Amino acid sequence: QRGRHETTWAVLRHFGYGDNLQMSSDYLYPSLRIPPGSSTELSHLGYNFLIRLFDKCDIDRDCCLSSSEVDSLFDVCIGGGDTRKGLRPWPVSVNNEVPTNDKGWITRRGYIAKWTLMTYLEVVRTMEYIAYLGYIAGENDCQTSAITVTRERRIDLERRSTNRAVFHCAVLGPRGAGKTAFLQAFLGRHLKYQQSLNPDELPRHTINTVTVYGQDKYLILHEVTVGIADNFDKRDLDCDIVALLYDVTDPRSFGCVARIYKQYLIDARIPCL
């Protein structure tokens, strides 16, 4: 059947080829210019391609991907779904980054959210893996047609408008302030459920949809731990909004976020909560 990767591999193996075929770097990593202050999102072509892949791999049509269905999704990538080869694009912590069902399987919304998160943080990896997965938009197109580079943030602020669909919130606070619980609560996880999670599998980012003026937008929460007395990396303030968390039972905790606010945020054009 034309276009099916299984048929292609069957023909290649018939003529003696093994599994170590490689795509060229130029093909996997096309040039993409991202100006300072801009971010990367999936275009409608990218979303449509990934939704078709989801529908193909969702064998039981339950609008979720089980572990075996996720492995099937990445079978065509180098290393396939075999995590021992270190080439599966989604880490073990993925189920704690995005919405899942009560079995811990990634929902359709969570699947799109994960690709949205990866495109925002690591657009090069997104382009690499959609190349492996067979993305073709047109005869002369490459993976860049699956990506949208947004307008610079400063221009959005000047014009008081934006076309962005993905927003980034830095969640700042000292240890023990509840940042991890805050990130997991954004996915609808209560404290009792969070206590059952492996601490080593808790991510620094979570993503979910929020409704803004009747439209769904993606919000990324990024956990940033700041010390009681130490400074922190100002690059963590490259975001759209800052949420400052502190422990109400510890005066030093409030003093920490107050210092961060006075030192870095009081004159910044970043909304703070």
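All values reported here derive from a predicted model rather than from experimental measurement.
- A heavy-atom distance below 4.5 Å is found between the side chains of Arg164 and Asp240.
- Annotation: side chain of Phe167 is not in contact with side chain of Val212 (no heavy-atom distance under 4.5 Å).
- The backbone N or O of Gly110 sits less than 3.5 Å from a side-chain atom of Thr107, completing a donor-acceptor pair.
- With contacts defined as side-chain heavy-atom distances shorter than 4.5 Å, the pair Tyr111/Ile51 does not qualify.
- A heavy-atom distance below 4.5 Å is found between the side chains of Cys169 and Leu219.
- Note that SG of Cys272 and CG of Leu172 are 9.0 Å apart. Values are rounded to the nearest 0.5 Å.
- The minimum heavy-atom distance between Ile59 and Glu69, with the atom names listed, is N-OE2, 3.1 Å.
- Residue Arg61 qualifies as enclosed at atom CZ: its count of foreign heavy atoms under 6.0 Å is above 12.
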Worked check of side chain to side chain donor-acceptor pair (under 3.5 Å) between Thr180 and Glu223: CA-CA 7 Å; Thr180 300; Glu223 179 177 339; 3.0 Å; yes
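- Note that CD1 of Ile207 and OG1 of Thr116 are 5.0 Å apart. Values are rounded to the nearest 0.5 Å.
- Side-chain atoms of Leu73 and Lys56, non-hydrogen and from C-beta on, never get closer than 4.5 Å to each other.
- One distance of note links NE2 of His168 with CG of Leu117; it measures 9.5 Å at 0.5 Å rounding.
- By the 4.0 Å N-to-carboxylate-O rule, Asp55 lies close enough to Arg108 to be salt-bridged with it.
- Taking a cutoff of 4.0 Å between a charged side-chain nitrogen and a carboxylate oxygen, Glu97 and Lys114 qualify as a salt bridge.
- Atom CG of Leu221 is separated from atom SG of Cys239 by 11.0 Å, given to the nearest 0.5 angstrom.
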Derivation of the side-chain contact (heavy atoms from CB on, under 4.5 Å) call for Tyr193 and Leu197: CA-CA 7 Å; Tyr193 174 84; Leu197 300 175; 3.8 Å; yes
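- Put simply, the side chain of Glu128 does not reach to within 4.5 Å of the side chain of Val124, judged on heavy atoms.
- Using modelled atom types and a 3.5 Å distance limit, the side chains of Ser39 and Thr150 yield a donor-acceptor pair.
- Proximity of the aromatic rings of Tyr47 and Trp115 is defined here by a centroid distance below 6.0 angstrom, and this criterion is not met.
- Side-chain atoms of Asp216 and Thr211 form a donor-acceptor pair, as typed in the model, at a separation below 3.5 Å.
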Ile112/Tyr218 under side-chain contact (heavy atoms from CB on, under 4.5 Å): CA gap, chis, key distance, verdict: CA-CA 10 Å; Ile112 292 298; Tyr218 287 95; 3.0 Å; yes
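- The closest side-chain donor-acceptor pair between Thr162 and Asp156 falls under 3.5 angstrom.
- The heavy-atom pair separating Asn96 from Leu202 by the smallest distance is ND2-CD2, 4.4 Å.
- Of the inter-residue distances, the one linking Thr148 atom OG1 with Asn163 atom CG reads 10.0 Å to the nearest 0.5 angstrom.
- For OH of Tyr246, the number of neighbouring non-hydrogen atoms (other residues, nucleotides, ligands) closer than 6.0 Å is 12 at most.
- Between Arg153 and Pro36, every side-chain heavy-atom pair lies at or beyond the 4.5 Å cut-off.
- Note that CH2 of Trp90 is 6.5 Å distant from CG of Leu65, once rounded to the nearest 0.5 Å.
- For the residue pair Thr100/Arg109, the side-chain donor-acceptor check at 3.5 Å is not satisfied.
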